[in-house]
Undergrad: 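This is the structure I want to talk about, given as structure tokens.
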Amino acid sequence: MLDDLHTLVEFAQAGSIAGAANRLFRTPSAITRQLQRLEAALGAELLDRSVKPPRLNSLGSKVLEQARDLLQRTEALKSLASRDAEPHGLLRIGLAHPLAEGTLVEPIRALTETYPKVRLLLLSERTPELFNRLIAAELDVAVVPLPEGKTAPPPLLTNIVATDRVEIVQSAAGDVDGDWKSLGRAPWVLNPPGCFLRAGLIDLMGLAGLSPMIAAEIHNMHLQLAFVQSGYGVGLLPARFIASNNALDTVEVLRPPSFDLHMSVAIVRVGQLGALERAVGLLEHGIRHLFETVNTRKPVTRSRRGVPANRRKARPRK
């Protein structure tokens with residue numbers, strides 16, 4: 001029917017069947033058959049054939065108006081689904097709490113400046129809730145942390161765009177040593193239960209027969225960092241987050257034996273996004289660039305009781 005509606009529009013613009021045939025590179029008889037087929041499908045006559053050449057009757061003019069609107073909407077729908085079209089429309093992005101921080105403004109700003117026809121809707125939520133919203137078609141993509149080597153559950157699609165080291169940190173003036181026994185006696189500032197980083201820490205401490213003494217359970221990493229800097233407790237934070245918040249001189253990194261915890265940063269979705277694919281690709285590039293360029297210079301680490309390894313003074317020779 002879409003082709004027949006297109007023929008009706010061309011007929012109206014040309015003013016005759018012969019003119020429509022010339023515009024569509026078809027024979028007049030083929031145009032006549034299409035118009036008759038459209039009338040049969042709608043169950044009504046659209047042309048006044050009492051005059052020569054035939055012209056649209058009152059109903060035909062109303063159908064013509066709807067046909068033009070429908071064809072325009074069809075083209076817009078095709079454009080929305082086409083990967084080759086300029087990105088446009090609404091892009092709904094979910095951000096997991098650990099990644100919802102100020103540095104993400106830059107890749108998001110770059111996206112909207114490069115593709116001004118894209119309108120963004122951002123939502124910050126816990127990772128499991130973001131997965132649920134993706135499956136329910138309430139989000140298009142989500143930026144989430146995942147355990148290293150893991151992917152989102154089916155039917156979600158996972159694209160790992162970066163990895164980050166996770167550090168145990170205390171205040172620069174803290175007195176906790178970098179061994180598991182000392183960390184077992186220290187108060188901890190951690191994410192609430194359900195966080196895979198917290199679970200990984202608990203597993204590692206469990207191998208030493210210890211468990212963390214929880215002093216605060218906080219979703220917000222900025223608040224966690226503030227508590228650590230104030231000396232309230234020991235924290236577990238991503239290295240890029242520490243560096244991007246200019247906190248390398250206000251915290252001390254503790255590296256107990258066998259501690260090597262990493263996380264992946266992933267773009268998760270359900271399927272293809274048509275014209276929005278290039279916009280999502282630019283977002284992926286921007287996030288990857290954030291992790292590649294941040295200065296995570298070697299932090300201060302404590303290896304001997306009470307003395308940072310790279311702050312020791314050389315003993316004078318006798």
Undergrad: Does a donor on one side chain sit under 3.5 Å from an acceptor on the other, for Gln34 and Asp3?
TA: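 Gln34 vs Asp3: donor-acceptor pair found between side chains.
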Undergrad: Indicate yes or no: does Glu125 engage Arg133 in a salt bridge with an N to O separation below 4.0 Å.
TA: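 Salt bridge absent between Glu125 and Arg133.
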Undergrad: Counting heavy atoms not belonging to Arg288, are there more than 12 under 6.0 Å from its CZ?
TA: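 Correct, the count exceeds 12.
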Undergrad: Stepwise, does the side chain to side chain contact (heavy atoms under 4.5 Å, CB included) test hold for Val270 with Leu157?
TA: CA-CA 6 Å; Val270 173; Leu157 306 176; over 6 Å; no
Undergrad: For Val161 and Val143, run side chain to side chain contact (heavy atoms under 4.5 Å, CB included): C-alpha distance rounded to whole Å, both residues' side-chain angles, the deciding distance at 0.1 Å, then the answer.
TA: CA-CA 10 Å; Val161 296; Val143 186; over 6 Å; no
Undergrad: Can you get from Ile93 to Ile135 by hopping between Ile, Leu, Val, Met, Phe, Trp and Tyr side chains that sit under 4.5 Å apart?
TA: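 No, Ile93 does not connect to Ile135 through the hydrophobic network.
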Undergrad: Do Glu65 and Lys62 meet the salt-bridge criterion of a basic N to acidic O distance under 4.0 Å?
TA: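 No, this pair does not count.
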Undergrad: How far apart are the closest heavy atoms of Met221 and Pro98, and which atoms are they?
TA: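 For Met221 and Pro98, the tightest heavy-atom pair comes out as CE-O, 2.5 Å.
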Undergrad: Any chance CZ of Arg126 has more than 12 other-residue heavy atoms, nucleotides or ligands included, within less than 6.0 Å?
TA: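 Open: at most 12 neighbouring heavy atoms sit under 6.0 Å from CZ of Arg126.
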Undergrad: So Asp140 and Arg269, do their side chains get closer than 4.5 Å, heavy atoms only?
TA: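 Contact flag for Arg269/Asp140 side chains = no.
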Undergrad: What heavy-atom pair brings Ala152 and Leu146 nearest, and what distance separates the two atoms?
TA: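 So the two residues come closest at N-CD1, 4.0 Å.
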Undergrad: Using side chain to side chain contact (heavy atoms under 4.5 Å, CB included), reason through Thr127 and Val268 one step at a time and then give a plain yes or no.
TA: CA-CA 10 Å; Thr127 297; Val268 178; over 6 Å; no
Undergrad: Are Val63 and Leu56 packed together at the side-chain level, in the sense that at least one heavy-atom pair is separated by less than 4.5 angstrom?
TA: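 Counting from C-beta outward, Val63 and Leu56 never come under 4.5 Å.
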Undergrad: To the nearest 0.5 angstrom, please state how far the NE2 atom of His285 sits from the CZ atom of Arg278.
TA: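 With rounding to 0.5 Å, NE2 (His285) is 15.0 Å from CZ (Arg278).
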Undergrad: Looking only at heavy atoms, which two atoms of Ala96 and Leu130 are closest? And how far apart?
TA: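 Looking at all heavy atoms of both residues, the shortest contact is N-CD1, 3.4 Å.
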Undergrad: Identify the heavy atoms of Thr103 and Arg240 that sit nearest to each other, and give their distance.
TA: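 What the structure gives for the nearest pair is OG1-NH1, 3.3 Å.
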Undergrad: Could you walk me through whether His6 and Leu2 pass side chain to side chain contact (heavy atoms under 4.5 Å, CB included), step by step?
TA: CA-CA 6 Å; His6 182 228; Leu2 287 176; over 6 Å; no
Undergrad: For residues Leu290 and Leu104, determine if any side-chain heavy atom of one lies less than 4.5 Å from a side-chain heavy atom of the other.
TA: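 They are in contact (side-chain heavy atoms under 4.5 Å apart), so the answer is yes.
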Undergrad: Write down the atom of Leu120, the atom of Leu90, and the distance for their closest heavy-atom approach.
TA: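 Looks like C-CD1, 4.3 Å.
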Undergrad: Considering all heavy atoms of both residues, which atom of Ser264 and which atom of Gly149 are nearest to each other, and what is their separation?
TA: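 So the two residues come closest at OG-N, 4.0 Å.
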Undergrad: Check whether the side chains of Gln170 and Asp175 place a donor and an acceptor atom closer than 3.5 Å, and report yes or no.
TA: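 Side-chain D/A pair, Gln170 to Asp175: absent.
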Undergrad: How would you list, by chain and number, every residue that makes a side-chain hydrogen bond (donor to acceptor under 3.5 Å, both in side chains) with Lys181, sequence neighbours excluded?
TA: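 In terms of side-chain hydrogen bond (donor to acceptor under 3.5 Å, both in side chains), with neighbours along the sequence ignored, Lys181 is linked to no residue.
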Undergrad: Would you say Glu138 and Leu123 make side-chain contact, with heavy atoms under 4.5 Å?
TA: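 Not in contact.
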Undergrad: Using the six-membered ring wherever Trp is involved, compare the ring planes of His222 and Phe241 and label them parallel, tilted or perpendicular (cut-offs 30° and 60°).
TA: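 Answer is perpendicular, since the angle exceeds 60°.
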Undergrad: Return the CG to CG distance between Leu197 and Leu190, rounded to the nearest 0.5 Å.
TA: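 Reported value, rounded in 0.5 Å steps: 9.5 Å.
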Undergrad: Would you list the pairs meeting ring-ring contact (aromatic ring centres under 6.0 Å, His included) in which at least one residue belongs to residues 155-212, sequence neighbours left out?
TA: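 Qualifying pairs: none.
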Undergrad: Just wondering, do Arg185 and Val176 contact through their side chains at under 4.5 Å, heavy atoms?
TA: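 The answer is no, as the side chains (C-beta and beyond) never meet within the 4.5 Å cut-off.
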Undergrad: Just one of Leu42, Leu38, Leu35 clears the side-chain contact (heavy atoms from CB on, under 4.5 Å) bar with Asp4, so which one?
TA: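 Exactly one option meets the side-chain contact (heavy atoms from CB on, under 4.5 Å) with Asp4, and it is Leu38.
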Undergrad: Using a 4.5 Å cut-off on heavy atoms from C-beta on, say whether the side chain of Arg68 contacts that of Leu64.
TA: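 Heavy-atom side-chain distance check passes, below 4.5 Å.
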Undergrad: Please check if atom CD in Glu217 has more than 12 non-hydrogen atoms from other residues, nucleotides or ligands closer than 6.0 Å.
TA: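 Enclosed.
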Undergrad: Are the side chains of His97 and Ser124 in contact, using a 4.5 Å heavy-atom criterion?
TA: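 They are in side-chain contact.
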Undergrad: Can you confirm whether Leu236 sits close enough to Leu261 that some side-chain heavy atom of one is under 4.5 Å from a side-chain heavy atom of the other?
TA: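 Leu236 vs Leu261: side chains touch.
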